[in-house]
Every structure is written in C-alpha cells, then in structure tokens.
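In this chain, residues are counted from 1 in sequence order.
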Amino acid sequence: MSNMRTAIYPGSFDPVTLGHLDIIRRASVMFDRLIVAVMHNQNKKPMFSVEERMEFLRRTTVELSNVEIASFGGLLADYARQQDACAVVKGLRAVSDFEYEFQMALANRKLNPQLDTVLLMTSAEYMYLSSSVVKDIAVHGGSVAGFVPDRIMQDIVRRTRKEG
C-alpha cells in the first residue's frame with residue numbers, strides 16, 4: 001500500500017456544475033490523488049453520454065494536476081478497493097443529502113472497512129444548484145451562465161436546444 005492518499009468523488013455529473021467543480025477543487029487540496037468518477041447508472045436517463053460527461057470534466061479540471069477523470073459501474077466500495085482509495089468524497093447541499101449519504105457511507109464502510117467518507121458542505125452560493133436544475137433551465141431556454149463552467153456552456157446549450 002502506498003503513502004499516496006487517493007479519494008474518489010463519484011457522481012453522474014450530467015452535466016458538471018460549478019457546485020461540482022467547487023467540491024473537486026477543495027477535495028483536490030485534501031488528497032494526493034482525486035479520481036472524479038462518472039457512474040454508470042441504469043436507472044437514470046442521462047442527457048449526456050458517459051464519454052461526454054468525462055470530456056466535460058477533463059476540460060473543466062485541466063489545471064488540477066492531481067485530478068483524474070474515470071468512469072465505473074458496479075459497487076463504489078469495490079471500485080475504491082481497486083483504486084487503493086482511502087476515501088469517498090461527497091458534497092452536501094441540505095440535511096436531506098446527509099441522511100442519504102450517511103446510509104451510503106455506512107454501507108460502503110461495511111463492504112470496504114478501509115474506506116472513509118468525507119462529506120464536504122457545498123459553498124453557500126451553490127446550495128440550490130444541481131444538474132437537474134441546470135438541465136431544466138437550459139431546456140426551457142434560460143441562461144445557464146453562472147451555473148456551469150464557461151468551458152462547457154455552449155455544449156450544454158446546443159444539446160438542450162435539440163432535446164427541448
């Protein structure tokens with residue numbers, strides 16, 4: 001086992017928002033290596049493919065040298081073991097997020113006793129922000145400026161104009 005502290009920040013990132021980016025930046029300072037992992041979730045109908053979401057993340061984290069972009073399916077606890085990760089990073093917006101993440105943290109710890117969960121409170125300016133909110137605004141012709149990184153804004157606008 002190496003001395004490098006690796007954490008995984010899993011999510012659907014459909015699309016990545018400024019709130020996600022805030023968590024990524026803050027977590028990247030806390031760990032030697034941060035894997036931002038796009039989850040394959042059969043229950044969700046994403047607007048963007050896994051490949052597109054990974055590309056958006058690459059473009060918006062390019063200046064963070066210890067951040068890697070990946071994707072995975074299956075159990076997070078197993079993926080964390082494969083990556084020799086000591087922690088999972090999750091962002092919290094509200095108390096309701098905490099209840100869900102607390103259950104997930106306990107389940108992951110049961111499946112992988114070496115795995116801790118680090119819960120980061122979202123910065124106040126992003127408390128209301130979610131990928132669902134962004135997609136809803138974009139599909140209805142609203143501006144997503146200030147919600148998503150500038151580097152991917154036009155990609156989101158183009159896609160939602162087609163889907164809307």
Side-chain angles (χ1 to χ4, degrees), residues 1-135 147-149 151-152:
M1 187 152 142
S2 75
N3 289 334
M4 186 184 288
R5 291 170 323 176
T6 298
I8 298 171
Y9 178 31
S12 53
F13 306 105
D14 185 41
V16 60
T17 68
L18 291 176
H20 292 133
L21 206 50
D22 176 57
I23 298 291
I24 292 167
R25 283 191 183 117
R26 289 163 52 207
S28 73
V29 175
M30 298 169 69
F31 297 94
D32 300 311
R33 176 177 171 232
L34 179 66
I35 302 168
V36 180
V38 177
M39 297 185 304
H40 299 276
N41 186 340
Q42 290 79 20
N43 302 329
K44 287 188 175 182
K45 280 279 167 234
M47 180 172 283
F48 298 96
S49 71
V50 169
E51 292 73 24
E52 286 172 312
R53 290 179 272 158
M54 288 175 66
E55 178 57 25
F56 289 168
L57 284 160
R58 280 189 202 100
R59 282 177 16 212
T60 56
T61 61
V62 69
E63 70 283 354
L64 301 171
S65 61
N66 66 329
V67 172
E68 298 172 22
I69 308 304
S71 68
F72 77 99
L75 293 174
L76 177 58
D78 292 340
Y79 181 68
R81 192 177 290 110
Q82 291 164 11
Q83 296 299 321
D84 197 22
C86 63
V88 171
V89 172
K90 292 305 219 62
L92 294 183
R93 291 177 302 227
V95 173
S96 56
D97 287 345
F98 176 79
E99 292 175 31
Y100 174 76
E101 296 302 348
F102 185 68
Q103 284 183 318
M104 293 305 297
L106 292 174
N108 283 328
R109 188 73 188 241
K110 180 84 172 157
L111 294 167
N112 181 345
Q114 281 73 50
L115 192 62
D116 277 311
T117 298
V118 175
L119 302 174
L120 294 179
M121 306 309 128
T122 189
S123 296
E125 66 261 40
Y126 304 124
M127 282 186 74
Y128 63 89
L129 190 53
S130 69
S131 295
S132 301
V133 166
V134 167
K135 287 185 283 194
F147 298 100
V148 299
R151 292 176 190 167
I152 65 167

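In this structure, the side chain of R53 does not engage the main chain of V38 through any donor-acceptor pair within 3.5 Å. Looking at R93, its side chain does come within 3.5 Å of a backbone N or O of L129 through a donor-acceptor pair. Judged by distance alone, with hydrogens and angles left aside, the side-chain atoms of E52 form a donor-acceptor pair with the main-chain N or O of S49 at under 3.5 Å.
Judged as a salt bridge (Lys or Arg N to Asp or Glu O under 4.0 Å), and not counting sequence neighbours, E99 has no contacts.
Note on residues 33-55: pairs passing ring pair (Phe, Tyr, Trp, His ring centres under 6.0 Å), not counting sequence neighbours, are F48-F56. The salt bridge (Lys or Arg N to Asp or Glu O under 4.0 Å) pairs that include a residue from residues 113-131 are R109-D116, where partners are two or more places apart or lie in different chains. Residues in residues 100-127 take part in these ring pair (Phe, Tyr, Trp, His ring centres under 6.0 Å) pairs, two or more places apart or across chains: F98-F102. Screening residues 14-24 for salt bridge (Lys or Arg N to Asp or Glu O under 4.0 Å), with sequence neighbours left out, gives D14-K135, D22-R26. Contacts classified as salt bridge (Lys or Arg N to Asp or Glu O under 4.0 Å) and involving residues 72-83 (residues at least two apart or in different chains) are given here: D78-R81.
Between G91 and Y9, the closest heavy-atom pair is N-CE1, 4.3 Å.
A heavy-atom distance below 4.5 Å is found between the side chains of R25 and L64. No side-chain heavy atom of L120 sits less than 4.5 Å from a side-chain heavy atom of L92.
Using cut-offs of 30° and 60° on the angle between ring planes, the pair F147 and Y128 is perpendicular.
Classification of E63 and R151 as a salt-bridged pair holds, one side-chain N sitting under 4.0 Å from a carboxylate O.
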